Amino acid sequence: LPDDQQQGPEHLASACEEVVAGRDAHEGPQNPHGRGIAERLQQSIQGLEDDLGVTLFDRKARGLELTHKGSLFLRHAAQILSDVSNARMAFAEDASEGQGAVGRLSLGVTSLVAGYVLSDILSRFRRAFPQAEVSAIEDNGEYLQHLLIGGELDVAVLLTSSVRDRAALNVETLLVSPTRLWLPMGHPLTDAEAISLDDLAGEPMILLTIDEIEDATRRLMAAMQVRPDIAFRTRSVEAVRSLVATGAGVALLPSLVYRPWSLEGDRIAIRDVSGDLPSVQVGLCWRKGAPLSPVARNFIRLAQGAVTER
């Protein structure tokens with residue numbers, strides 16, 4: 001790109017993520033990607049599209065939507081930014097802390113977090129500390145807390161709402177992900193000015209039954225005047241995507257697990273719902289009073305800088 005268009009990959013990747021989440025990246029001066037940089041951002045996007053020879057965005061009256069090629073490009077851009085961040089961290093490590101690059105880390109993770117948060121943190125950690133040995137197990141939050149208190153795990157990555165014994169465990173939230181409505185393309189609610197929970201009355205609902213997601217969704221449905229019909233229960237996020245995309249129902253799920261395409265290539269719309277909807281909080285948990293190994297301290301430090309709000 002020309003020098004006057006080089007806003008840095010961070011700006012473009014951040015703008016792409018705004019669009020993926022269903023928000024207009026140019027909607028106003030309150031938005032960090034608002035009118036102040038809209039023209040330069042559009043020039044950068046157009047320059048990228050010309051250089052790559054593909055269309056990254058569909059231009060629509062209400063804003064921009066990532067194309068399938070755009071989604072693939074965003075993943076590559078995010079990986080590049082991650083690699084640069086890891087390189088900076090590796091070079092910045094003080095020689096006196098070199099012992100933190102080796103050792104064994106016993107890690108626990110819940111099923112929802114494993115694929116959508118831990119995978120990114122773990123890949124960064126392994127690149128920054130390739131000699132560290134990592135052993136990870138997946139289980140429910142209650143059992144992972146038992147293992148932490150018993151000293152069998154160093155750190156767990158889980159939904160922090162599940163942590164009960166806070167007198168014995170340190171808890172640090174890494175990200176907060178709001179609950180949003182997933183819809184098939186062409187659904188009448190995709191063009192609604194505003195959506196309330198009561199607008200979902202009678203809608204077939206696809207229910208995800210992992211971690212605390214099922215309980216949170218049931219509490220939401222209990223607050224509705226007319227409860228939606230549960231059309232399908234599944235522990236698979238990919239199954240939810242496929243079912244929603246093909247019109248089998250709608251879903252209320254955190255933005256954390258949203259992707260705009262199903263495995264079959266069908267598009268999934270996402271919209272905000274008015275009202276007091278719960279957010280999913282993902283974070284770290286480790287035992288109070290127990291000394292952390294250097295490798296565990298490095299993992300926590302890296303995780304703190306690796307995760308952003310989704």
Side-chain angles (χ1 to χ4, degrees), residues 75-76 78-163 165 168-175 177 210-212 235-238 254 256-257 259 280-310:
R75 294 177 66 179
H76 286 296
Q79 184 63 59
I80 291 169
L81 293 177
S82 171
D83 289 341
V84 171
S85 175
N86 290 337
R88 286 172 177 162
M89 176 175 291
F91 293 140
E93 282 293 315
D94 188 88
S96 64
E97 295 185 355
Q99 60 179 336
V102 296
R104 180 180 176 85
L105 176 68
S106 295
L107 196 61
V109 62
T110 54
S111 56
L112 182 70
V113 173
Y116 296 93
V117 178
L118 179 67
S119 56
D120 180 52
I121 297 174
L122 205 51
S123 67
R124 294 183 185 211
F125 180 77
R126 282 175 166 153
R127 287 194 296 271
F129 305 101
Q131 296 185 35
E133 182 182 352
V134 179
S135 173
I137 66 166
E138 177 186 310
D139 216 303
N140 63 67
E142 184 177 352
Y143 184 63
L144 294 181
Q145 292 167 61
H146 167 74
L147 295 180
L148 285 168
I149 293 172
E152 298 176 66
L153 291 178
D154 297 313
V155 186
V157 188
L158 40 63
L159 301 189
T160 56
S161 58
S162 69
V163 180
D165 193 353
L169 296 168
N170 291 303
V171 178
E172 179 170 345
T173 298
L174 297 177
L175 69 87
S177 183
I210 58 176
D211 290 357
E212 289 79 34
R235 293 182 57 83
S236 167
V237 179
E238 290 297 347
L256 170 69
V257 297
R259 300 293 181 270
V280 166
Q281 297 185 6
V282 177
L284 302 172
C285 189
W286 65 96
R287 186 171 59 152
K288 283 185 178 179
L292 283 171
S293 66
V295 70
R297 283 199 303 271
N298 279 330
F299 178 84
I300 291 171
R301 186 185 305 124
L302 185 143
Q304 290 166 336
V307 178
T308 58
E309 187 169 314
R310 305 188 191 184

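Because the structure is a prediction, the values reported are computed rather than measured. Only this structure's heavy atoms are used, side chains among them; waters, hydrogens and symmetry mates stay out.
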From [X] atom [atom1] to [Y] atom [atom2], the distance as rounded to the nearest 0.5 Å:
X    : Y    : atom1 : atom2 : answer
C285 : I300 : SG    : CD1   : 10.0 Å
I121 : L302 : CD1   : CG    : 7.5 Å
L256 : L159 : CG    : CG    : 8.5 Å
S135 : L105 : OG    : CG    : 8.5 Å

When you compare the side chain of [Y] with that of [X], does any pair of heavy atoms fall below 4.5 Å?
X    : Y    : result
L284 : V157 : yes
V282 : T160 : no
F299 : V155 : yes
Q281 : S161 : no
I137 : L147 : yes

At their closest point, which heavy atom of [X] faces which heavy atom of [Y], and how far apart are they?
X    : Y    : value
T110 : N140 : CG2-C, 4.1 Å
L148 : W286 : CD2-CA, 4.2 Å
E152 : S106 : O-CB, 3.8 Å
S293 : R104 : OG-O, 4.5 Å
A296 : D154 : CB-CB, 4.3 Å
R124 : G305 : NH1-O, 4.5 Å

Please step through side chain to side chain contact (heavy atoms under 4.5 Å, CB included) for the pair F129 and V295, ending with a clear verdict. CA-CA 9 Å; F129 305 101; V295 70; 5.8 Å; no
With distance as the sole test, does Q145 use its side chain to make a donor-acceptor pair with the main-chain N or O of S162 at under 3.5 Å?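 Checking the backbone N and O of S162 against the side chain of Q145, a donor-acceptor pair under 3.5 Å is found.
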In this structure, are over 12 heavy atoms from other groups packed under 6.0 Å from E142 atom CD?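 No - once you tally the heavy atoms of other residues, nucleotides and ligands closer than 6.0 Å, there are 12 at most.
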Test log, rule side chain to side chain contact (heavy atoms under 4.5 Å, CB included), inputs L153 and L107: CA-CA 6 Å; L153 291 178; L107 196 61; 5.9 Å; no
When V257 is tested against each of V237, V117, I210 for side-chain contact (heavy atoms from CB on, under 4.5 Å), which residue passes?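 Exactly one option meets the side-chain contact (heavy atoms from CB on, under 4.5 Å) with V257, and it is V237.
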